[in-house]
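Let me begin by presenting the structure, written as structure tokens, before commenting on it.
Values below: all heavy atoms of this structure, side chains included; hydrogens, waters and symmetry mates excluded. Just so it is clear: chains get the letters A, B, ... in the order the sequence lines come, proteins before strands, and each one is counted from 1. What you see is a predicted model; the values in this text were computed from it and never measured.
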Amino acid sequence: MHYHPENIEPKWRSEWIKNELYKVYNDSEQPKYYVLDMFPYPSGAGLHVGHPLGYIASDIFARFKRLKGFNVLHPMGYDAFGLPAEQYAIQTGVKPAISTETNIKRYREQLDNIGFSYDWSREVKTSDPEFYKWTQWIFLRLFNHYYDNTLQKARPISELINHFEKNGNIGIEAANSQDSMFTAQDWIAKSPKEKDDVLMNYRLAYRKTGYVNWCEALGTVLANDEVKDGVSERGGHPVEKKAMMQWSLRITAYVERLLNDLNTLEWTDALKAMQRNWIGRSEGAKMFFNVSDKAFKLEIFTTRPDTIFGVTFMVLAPEHEFVSLLTIPENKAEVDAYLEYVKTRSDVDRMSEAKEVTGVFTGSYAIHPFTGKRIPIWIGEYVLIDYGTGAIMAVPCDDERDNNFAKKFNLDIIEIIDRTEYPGALPHSKIGKIINSDFLNGMDVQDAIAFMFDKIKSMGIGEKKVNYKLRDANFSRQRYWGEPFPIAYDSEGVSNALSDDQLPLELPDLDDFQPASGGKSPLARVESWIDQFNGLTLETDTMPGFAGSSWYFLRYMDADNTNEFASKEALNYWKDVDVYIGGTEHAVGHLMYSRFWHKFLYDLGFVPTTEPFKKLINQGMITAYGYYAENLRLEDGRMLIGNSCDLANADNVNVGSPIRLAYITDYLDPQGRIYQQAFTEYFNAFGKDYFVNGDISKYHWVEDEKGEFYFTVNIVQEKMSKSKYNVQNPDEIVSRYGADCFRMYEMFLGPIEQSKPWDTKGIDGVNRFLRKYWSLYFDENGWSVNDITPTAEEYKILHTTIRKVTDDIERFSFNTCVSAFMMCVNELKRLECNKKEILNALNILLAPFAPFITEELNQLLGNKDSVHKASYPIYDEKYLILDTVEYPICVNGKKRDLVTLSSSLTQKEIQELAPTLGNVKKYIEGKDLQRIIVVPGKMINLVVKS
RNA sequence: GCCGAAGUGGUGGAAUUGGUAGACACGCUGGACUCAAAAUCCAGUGCUAGCAAUAGUGUGCGGGUUCGAGUCCCGCCUUCGGUACCA
């Protein structure tokens, strides 16, 4: 009898489905446990070996918890809205709904192959109207609430309107996007459109014109976390700042709670740090500067009010609203030219090149609040419009950027900090003594900061203020494949929320997915859809990918509910996610938005917890090796330069940048076969095919004096992705070795939170283990398990393994679990142990890792019920105790000898006994024995002075 | 630059609170079985010296604390991840 997974696995797969083995009920008496995976985007490439890493870990954990007696919710679904499906539709005409369905089917097959214990009756798809009905429903609640800063809670917008009618906005402490005051009379006098505009300043989901990340290539706006290094996360297209009317979510209202509640979470420090970083809290002061000959004041934010006497100029962001007001006629031409120049620069330009200092003088002056001096007001792109107030007071002596700016444009620099008494202090650090600063002279920097907070407050020119890097989340996408906004506008442009019974507002069926003119979504062309609510015009933007993913984990709790997103009972029973497993790539996007939505739903009384994910495990990426040729020279001496990521811009790439190796399909050889030859040689060296993802003719050829062909190879680890053609498919491994082997091998690779390159060279070891495990149950005559009572040694092996595996699963150390199983089986094999009591317990122990082989053996062992419904074995200390223990004898920490002692001896007894032992005596004879250190079970250490 | 994580054999990695470093596996070497191969099994395998027992040495580098340091402290180096004209 040999181990044949291909005979075992399909059988149990269908058996489990038939018996609804993994169905979970909400009315259990058992304690609940919620184990969740970050649901995948069903891409056309299918699952690769990286996806299941986290899924396998969570599946093992879920199965373990089930065997431990918990009612475990372990669901799966699909983040089914998104750009790739729509891009695909534009290219091929296949409708996103269709391609998404196809991809989901494929994902499901692949997932089923691996033997996950998901309760598929709770499956969710964010693109399903029955699901996005509730996404829209939550959006409407966000739209209809504002954030009360005093209560630190979301409140209905109707309360705010009541207040406006009685008192205007006087006495309102709310998160808002403006702070001009109005009275009750002002409010009543406003037109509906004006009222709508005012309310937009308070709503948690609101519309405003702002500078957004516009991606021309994708034809849509992106959120900050969807932009990486100045290009779009999806596709790597350039992104520019553009002023547009957009929906936003007021996540900044929750910023303090999002920051403080991090302390309550069992997340890694790294991840919490990322979130803190993204939130970017900094304490400082806002200050107002009078402007010469102008009625308005200029507001700035600074963390260093102590440096006020070092201020020699001011700088505004180019987009600042005062730019035109402050530009004097003589400087207008120059300023306009500068603004024009700034407009042409994308984010990549601003980031990539060496920091070049640019700016222009407006011609206006601010007045220094203490010295009364005139301070020139400049415009510079290093000041960002969306941080602080978009304007700064420049202190060139103590800020590197201000310093560079001052040097470039010959502006004054006044030294105001003396660090000579603090030799270790770095320049620009908050350490030193203030000089040249009137009443601040001689003060310590820290004291001066505190002093200035009070000073500016008492003078009425400013006050303490906390600033954040976190911005409100851009929530509009000019795309088709997303949730439509349940918002319609009247002829005045006043926004109207649809009523709950009009939900879901479904996407219309479409044939043409090209963006509509004016940077609008394809929906803008579908008049019948836009005008379906008589007289009103529907919003044509759709929600971004993170809309559905911000709350999907709640839907699993009660996935079929048609009256609520989930019932109160379900929400109160399952509460929150106990363990959430997923990649770090969602550290600041999905995880931040989910926390925000969850807190909002908590404020409204829908969910019982303030945080959605108690514990978070970050699985590392499974990477692939990427082979890049560097300095690839051809036989005629010319050098091939290029960069696979952006072939269109290959001309701009520097010599030496890596080129992705490519197998050329439509190779345009400019001269002859020689180039073809060069590539072929390279590829043969690796015995693999590579594909070029662009047109070879766009590479740039450079002359070189040497007539040799050579290259250097750079091997890097990189993300698996379809675009890199390095995807490893799990199905091949499963069909060759079986799902059990695949699961255990992925766990055996190393700690789950670590990134590691995919490599199959160790898989035989795991396969050998499974065969060895199987062979414990059989001999040459077949089934050989017997009922003989196990020996003490056999019990010891079993119980050591139970203890090790139980502890290691709890701390998500699955690779060491696999090692423990291997060691256990090796030992049992050595003892030729085929006793039922041992094997039955071991089989349950192994079940979470290898569900198929254990289920088969469980049946052969004569157990009627599934092994996945068994009770997890508990280890018993009594089996771990040995009669004798071999102690190493160490002298001053160095191992010298061994001594065998009874295991019943206490630490103290050994300490007293040790000097009398013969083989200890010889080490202490003639020496000065200071003391004896006994580590029970580990060692006896003699501390001697020689 | 700043924040975070990590550096251990030829390789992946183990060592849970400071206590025999290298578990478990891959690979490699030798052997058994076989006409042969595959598979399987047995033995060896950090490095240096030695036929060997054994001795010395050894967890990125340099110091320190300790009877004892991969683990703790101080100062560096390297790699990876995040982030950046954030005032």
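Atom-to-atom, CD of A:E832 to P of B:C41 comes out at 13 Å; the value is rounded to the nearest Å. At whole-Å resolution of the value, CH2 in A:W278 and C1' in B:G82 are 10 Å apart. Here the C1' atom of nucleotide B:G81 and the CE atom of A:M621 are 9 Å apart, to the nearest Å. Rounded to an integer number of Å, the gap from CD1 of A:I797 to P of B:C24 is 13 Å. Taking atom CG on A:D386 and atom C1' on B:C86, their separation rounds to 9 Å, with Å as the unit. Taking atom CD1 of residue A:I622 and atom C1' of nucleotide B:G81, one finds them 17 Å apart after rounding to whole Å. Computed from coordinates, the A:R830 CZ to B:C41 C1' distance equals 16 Å when rounded to whole Å. Rounded to an integer number of Å, the gap from A:F748 CZ to B:A23 P is 12 Å.
At a threshold of 4.0 angstrom between heavy atoms, the contacts of A:I392 include nucleobase atoms, whether or not backbone atoms are also involved. Note on A:R771: only backbone sugar-phosphate atoms sit closer than 4.0 angstrom, heavy atoms only; bases stay farther off. A:F821 comes within 4.0 angstrom of nothing in the nucleic acid, heavy atoms only. Residue A:N826 is in sugar-phosphate contact alone, with no base atom involved, counting any heavy-atom pair closer than 4.0 Å across all strands shown. Using a 4.0 Å heavy-atom cutoff across all strands shown, A:M274 reaches sugar-phosphate atoms only and no base atom.
A perpendicular orientation is assigned to the rings of A:F814 and A:F849, their planes being inclined by more than 60° (bins at 30° and 60°).
Searching all strands for a Watson-Crick or G-U wobble partner of B:G7 with both distances below 3.5 Å returns B:C77. Applying the Watson-Crick and G-U wobble criteria (two distances, each under 3.5 Å), B:A15 pairs with nothing in any strand. Using N1 to N3 plus N6-O4 or O6-N4 for Watson-Crick, or N1-O2 and O6-N3 for G-U wobble, each under 3.5 Å, B:A52 pairs with nothing.
Of the possible polar contacts, one joining the A:K272 side chain to the A:L265 backbone as a donor-acceptor pair under 3.5 Å is found. No donor-acceptor pair under 3.5 Å is formed between the side chain of A:R743 and the backbone N or O of A:I56.
Contact check on A:D808 versus A:R811 returns a salt bridge, with a Lys/Arg side-chain nitrogen under 4.0 Å from an Asp/Glu carboxylate oxygen. Between A:R281 and A:E283 there is a salt bridge, since a side-chain N of the basic residue sits under 4.0 Å from a carboxylate O of the acidic one.
One cannot find a donor-acceptor pair under 3.5 Å joining the base of B:C41 and the side-chain atoms of A:R768.
When side chains are defined from C-beta on, A:P305 counts as touching A:F453, because their heavy atoms get closer than 4.5 Å. The shortest side-chain heavy-atom distance between A:Y3 and A:D740 falls under the 4.5 Å cut-off.
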Sub-3.5 Å pairs of nitrogen or oxygen atoms, protein against nucleotides 7-10 of chain B:
none

Give each protein N/O atom lying under 3.5 Å from an N/O atom of nucleotides 14-17 of chain B, with the pair distance.
from, atom 1, to, atom 2, distance (Å)
B:A14, OP1, A:N815, ND2, 3.1
B:A15, OP1, A:R811, NH2, 3.2

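Each salt bridge (charged side-chain N to carboxylate O under 4.0 Å, His left out) pair with one or both residues in residues 762-775 of chain A, not counting sequence neighbours, would appear here, but there are none.
Environment of NZ in A:K297: sparse, with no more than 12 heavy atoms of neighbouring residues, nucleotides or ligands closer than 6.0 Å.
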